[in-house]
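Beneath this line is the structure, given in structure tokens, with notes to follow.
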Amino acid sequence: MAPCAPEPGSDAQDEKGRHRRCALTREEGVPELMLRFVVSPAGVVVPDLDARLPGRGIWLSARRDVIEQARARGVFARAARMQVKVPENLLSQVEGGLLRRVTDCIGLARRAGQAVSGFTKAREWVVQHRAAVIVHALDGSREELDRLLSGGRDIPVVRTLTAGELAKVFGRERVVNVALAAGGLAERLSHENTRFTGVAQSGSRVCRTFPADGFEQAGQ
């Protein structure tokens, strides 16, 4: 990954319009795929993963190296134009928060009737062209996923949660395969997983959204 370009002086953003500018790289992106931070009344930098906290936001690209460099190079203080405290565990706060958001999104889809679990039901949705996103457990097999996606290999696949973690969402002992219907929650899951993928520590999880013929692992 190419080094980040030096950042010119900048203020926190007015947050108008469709795009936000990364305070470190100066690259623009859509808010759904970026990370917002605010400074608390106590002067502490706080991740605002839902982008709803009051205050002017400091936006960064959703990449682990960007957060690390922003912290090391005083970008938060420069953007806020004040002394700030950046927590030592800021990265783990962001990573853990994004993982919870991936999990919560799948749970919301289940409760809304926009997700089914189990190979048979997920396969039915694939065949019926109802599946917009497939969630396949980290500890599931490539062979099983190939069988699930036969005839529908252009469907994005999220591999971020284990079978045990998915089981908790669905109230079952073990869940390997989940299908989400097209709609806002499937799109949101894709966004949240993309952000998590960019921030997750290499080797900690397989955390990609990809077509079935493009298997990758984080850090490879």
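We count residues from 1, following the sequence as given.
Each of Leu149 and Trp125 belongs to its own hydrophobic cluster when Ile, Leu, Val, Met, Phe, Trp and Tyr are linked at side-chain heavy-atom distances under 4.5 angstrom. Leu161 is connected to Phe170 through a chain of hydrophobic side-chain contacts under 4.5 Å among Ile, Leu, Val, Met, Phe, Trp and Tyr, so both are in one cluster. Val39 and Leu53 are members of different hydrophobic clusters when ILVMFWY side chains are connected at heavy-atom separations under 4.5 Å. Linking ILVMFWY residues whenever their side-chain heavy atoms come closer than 4.5 Å, directly or via other members, leaves Ile106 and Leu185 in distinct clusters. Val157 and Val126 fall within the same hydrophobic cluster, where Ile, Leu, Val, Met, Phe, Trp and Tyr residues are linked whenever their side-chain heavy atoms come under 4.5 Å apart, directly or through other members.
A heavy-atom distance below 4.5 Å is found between the side chains of Phe76 and Leu90. Between Val176 and His136, the closest side-chain pair of non-hydrogen atoms falls below 4.5 Å. Side-chain contact between Leu189 and Val135: present, with at least one pair of heavy atoms (C-beta onward) separated by less than 4.5 Å. Within the 4.5 Å cutoff, the side chain of Ser61 has no heavy atoms near those of the Leu24 side chain. Side-chain contact between Pro31 and Arg36: absent, with no pair of heavy atoms (C-beta onward) separated by less than 4.5 Å. Looking at Leu166 and Ser117, their side chains never come closer than 4.5 Å, going by heavy atoms from C-beta outward. Two residues are said to be in side-chain contact when any heavy atoms from C-beta on lie closer than 4.5 Å; Leu60 and Gln69 fail this criterion. Val169 is not listed as a side-chain neighbour of Val175, based on a closest heavy-atom distance of 4.5 Å or more.
For Arg71 and Glu88, the salt-bridge test passes: some basic side-chain N is under 4.0 Å from an acidic carboxylate O. The residues Glu192 and Arg195 are annotated as salt-bridged, a charged nitrogen and a carboxylate oxygen being separated by less than 4.0 angstrom. Between Asp48 and Arg52 there is no salt bridge, since no side-chain N of the basic residue sits under 4.0 Å from a carboxylate O of the acidic one.
Judged by distance alone, with hydrogens and angles left aside, the side-chain atoms of Arg123 form a donor-acceptor pair with the main-chain N or O of Leu148 at under 3.5 Å. Between the side chain of Glu144 and the backbone N or O of Ser141 there is no donor-acceptor pair closer than 3.5 Å. At distances below 3.5 Å, not a single donor-acceptor pair connects side-chain atoms of Arg188 with backbone N or O atoms of Glu32. A donor-acceptor pair under 3.5 Å links the side-chain atoms of Arg159 to the main chain of Gly140, judged by distance alone. At distances below 3.5 Å, not a single donor-acceptor pair connects side-chain atoms of Arg64 with backbone N or O atoms of Leu91. A distance-only check finds no donor-acceptor pair linking the side chain of Arg172 to the backbone of Ala167 [under 3.5 Å].
Note that CG of Leu145 is 9.5 Å distant from CZ of Phe119, once rounded to the nearest 0.5 Å. Taken to the nearest 0.5 Å, the CG atom of Leu98 stands 5.0 Å off from the CG atom of Leu49. Atom-to-atom distance recorded for Thr103:OG1 and Lys168:NZ is 9.5 Å, nearest 0.5 angstrom. Residue Met34 holds its CE atom at 10.5 Å from CZ of Arg63, rounded to the nearest 0.5 Å.
Shown here for Ala62 and Leu33, the closest heavy-atom pair between the two residues is CB-O, 3.5 Å. Across all non-hydrogen atoms, the minimal contact from Val38 to Pro54 is CG1-O, 3.9 Å.
Paired with Glu28 under the rule side chain to side chain donor-acceptor pair (under 3.5 Å), one option of His19, Arg20, Arg21 passes, and it is Arg21. Put simply, the residue from Asn193, Asp104, Thr160, Val94 that forms a side chain to side chain contact (heavy atoms under 4.5 Å, CB included) with Leu99 is Thr160.
Within 6.0 Å of the CD atom in Gln128, the count of heavy atoms belonging to other residues, nucleotides or ligands exceeds 12.
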